[in-house]
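Values below: all heavy atoms of this structure, side chains included; hydrogens, waters and symmetry mates excluded. Just so we're on the same page: letters track the sequence lines, and every chain starts at 1.
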Amino acid sequence: MISTAGKYFDGISSKPQEIELKLDELNDQLRFDTSSCQINYAIGDISFEHIGSSLEIRNKIHSRVLIIVNNDDFTAAFISFLKRKGHISLYQRIIRLGFKTHLLIATVILTFIIAGYVLIIPWVGEKAVLLIPVSYDISMGDTFYDQFIINNEIDSTKTEALNSFSRHLQLNNTHKIHFTVIKSSTVNAFSLPDGNIIVFTGLIDLMKNYDELAGLIAHEVSHINNRHSMKMLCRNLSGYLFISAVLSDVNGIMAIIGDNVHNLQTLSYSRQFERQADEQGTILMIMNGINPTGMVELFTRLQSSEKVVVPAFMSSHPITTDRIVDIKRLINRTPHHHTFNPNLDKLFRKVKY
Amino acid sequence: MENEISDLKNYKLSFHGQGKAYFGIVIVNWLLTVVTLGVYYPWAKAKNLQYLYGSTALNNDRFTFHGTGKEMFVGFIKAFVIFGLIYGILPLFFYLEMPILGAVIFYFAFIAILPVAIHGSYRYRFSRTSWRGIRFGYRGDRSELFVGFFKWIFFTIITLGIYGSWMEMKLRGYLLNNVRAGNVEFKYQGVGSKFFILNLKGYFLTIITLGIYSFWWYKDLFAYYVDNLSLHKEGQQIRMKSIATGGDFFKMIMLNFLIVFFTLGLGYAWAVTRTLNFMVSKIKLEGNIDLDSILQTEDDYNDATGDDMTGFLDMNFII
């Protein structure tokens, strides 16, 4: 029978009473004497907390009484006795495994999270798109288009010319394609999921021949054909839900770090989509008998208009030099044949002047 | 006079939690929460509070948090149902084609639930806290707090937020003045006017110094909360005093930021234990209450709804 000095609080006042606490292993009991009586606790009726060097024992039936022991030998004997009797919960066992094991657990969870994020989220993103009806793409694009048009000035002559230019091309489009030319010095163009493509005059002004315009159209139409906007939205949302589900329970800081990593990752999806649009756009040009080097020329002009070079991992688009190299490689390995198309040339001049 | 001085007792608040041990709690909670798809969350919250309360000691005797995961789980479910009903108001009235009435009722219900949640949270937390086997308790009256809360909110809105400082002091005062530990009663004496001036000064100096003054603003806030709190029992009292300086806050916050940042968030456990250790060690107690003479006064109490609703609304009350 092991025993120790301890403090007993009777749950009536805060006055400590000095006691001699005995662990009676034969009868599965804790025993001690107070000034007025002898008390026995059955092992099954007690709960304990072990924090730092202090052991606090309570009775489950009389939850206000408290015994405090500061004796490491007694604590060790007490806990190993409870362990033998099966009174230590799984939770307490895991907590007692120590710092190294906890660090290992943290590493394992983090590894699973990263693996889940890298492998599962893009897959979920792709599959989720198939479940979303195309009508949703259209209403989303429409809403954005209507809002965008209110704040911008349309060049209606050029818009008409650009639309007839595109009608002369075989674009394998799944949606009805419609172009809008906006008066602005911005060197840019973008596509909306409903088949609307916005082109700024700043970009058209840079172009020298119709191959380049065809390259731009082929690139943007490839985005629409592949539902890139919706795929982006699905990946973003599933990634965001995943990150906040697994990290926000730990702490806010980890969730913020997770969000930022996710934003960088999103940019990489965006670059993947740009590459895909470059590749499929070039093939579309070849199919239409247009000189695919128009795509290369388009990017060369874009590059000369770029003022600041953003590092690849922080950009939504691949670095232009890399894109040019990739497109040239594709052109070299794909047999192609092109002839001058006077119709397109005439329409191109209309778009430009 | 002489008698009073010789009566002075020694008190020591201390925090014994360690980053390494708390890291274990956080990680095991994380593991179980992820594995159970979040169901474990209330149990994790209970374990967390049990560790942090248990690591705080007055005169080397630790505080205890008696709340359980099961209680908090029930509270969580209740909070979920209540918020589900409130959020159901909008679509219902939209369906009835009375959207404006729906919005008014929605915001009214949302504001009305706040004092109920705060009240429930205080009742639950304090009834589940003990020291040397003596239970704490909160004896505020729900309807009284409810009426007061609406009055304060009304004044805060019509004064465009200026009354906010008075509201915060009145709310804190009402809550803390109803807290007791056995037959020891809490008293909070902060007033709106002083708190308003403190915040006004803090706000403008923080802007002028490009944020640097914010640490001194924290120091003032902390001191205002602590210095106005005292404990009373049968004519005897314990007063509290903050000895933290702005420089202390600066050092603590910057170091915590670096720890968390460079460990990609895993150092969170150390940041929490360091913060609590800092706060506890910066509070000095002085007075003549005999800590061996506190008597049990509170009954047992069962309802964790309030506790989870404030978690839901993400409000933190520093005491």
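Heavy atoms only, all atoms of each residue included: B/Q296 and A/R64 are closest at CG-NH1, 3.1 Å. The two residues B/I134 and A/S13 come nearest to each other via the heavy atoms CD1-C, 3.6 Å. Between A/A106 and B/F23, the shortest heavy-atom distance links the atoms CB-CZ, 4.1 Å. Minimum interatomic distance between B/S293 and A/S14 (heavy atoms only, all atoms of both residues): N-OG, 3.4 Å.
If you measure heavy-atom distances from B/F257 to chain A, you find no contacts under 4.5 Å at all. Residue B/N29 touches chain A through its side chain alone, counting heavy-atom pairs closer than 4.5 Å. Looking at B/D61, only its side chain comes within 4.5 Å of chain A, counting heavy atoms on both sides. In this structure, chain A has a heavy atom under 4.5 Å from the backbone of B/L291, while its side chain stays farther away. Neither the backbone nor the side chain of B/Q18 comes within less than 4.5 Å of any heavy atom in chain A.
Inter-residue side-chain proximity for B/L32 and A/Y91 is flagged as met; some heavy-atom pair is nearer than 4.5 Å. Counting heavy atoms from C-beta outward, A/I113 and B/V34 have side chains that stay 4.5 Å or more apart.
Close approach to chain B, defined as a heavy atom under 4.5 Å from one of its heavy atoms, is seen in no residue of residues 69-82 of chain A. Contacts of residues 132-144 of chain A with chain B at a heavy-atom distance below 4.5 Å are absent; not one residue qualifies.
Atoms CD1 and CD1, on A/I105 and B/I27 in that order, are 8.0 Å from each other to the nearest 0.5 Å. In this structure, A/K15 NZ and B/D290 CG are separated by 7.5 Å, a value rounded to the nearest 0.5 Å.
Of the listed residues (A/T101, A/L97, A/I95), just one forms a side-chain contact (heavy atoms from CB on, under 4.5 Å) with B/V28, and that residue is A/I95.
By the neighbour-count criterion of 12 heavy atoms within 6.0 Å, atom CD of B/E286 is sparsely surrounded, having that number or fewer from other residues, nucleotides or ligands. Atom CG of A/D146 has more than 12 neighbouring heavy atoms from other residues, nucleotides or ligands inside a 6.0 Å radius.
Ranked by heavy-atom pairs shorter than 4.5 Å toward chain B, the options A/I12, A/L103, A/L66, A/I94 are led by A/I12.
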Please output the side-chain donor-acceptor pairs of residues 46-56 of chain A that fall under 3.5 Å, not counting sequence neighbours, one pair per line with the distance.
residue : atom : partner : partner atom : Å
A/H50   : ND1  : A/R96   : NH1          : 3.3
A/H50   : NE2  : A/G52   : O            : 3.3

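Remark: B/D292 engages B/R132 in a salt bridge (Lys or Arg N to Asp or Glu O under 4.0 Å) (not counting sequence neighbours).
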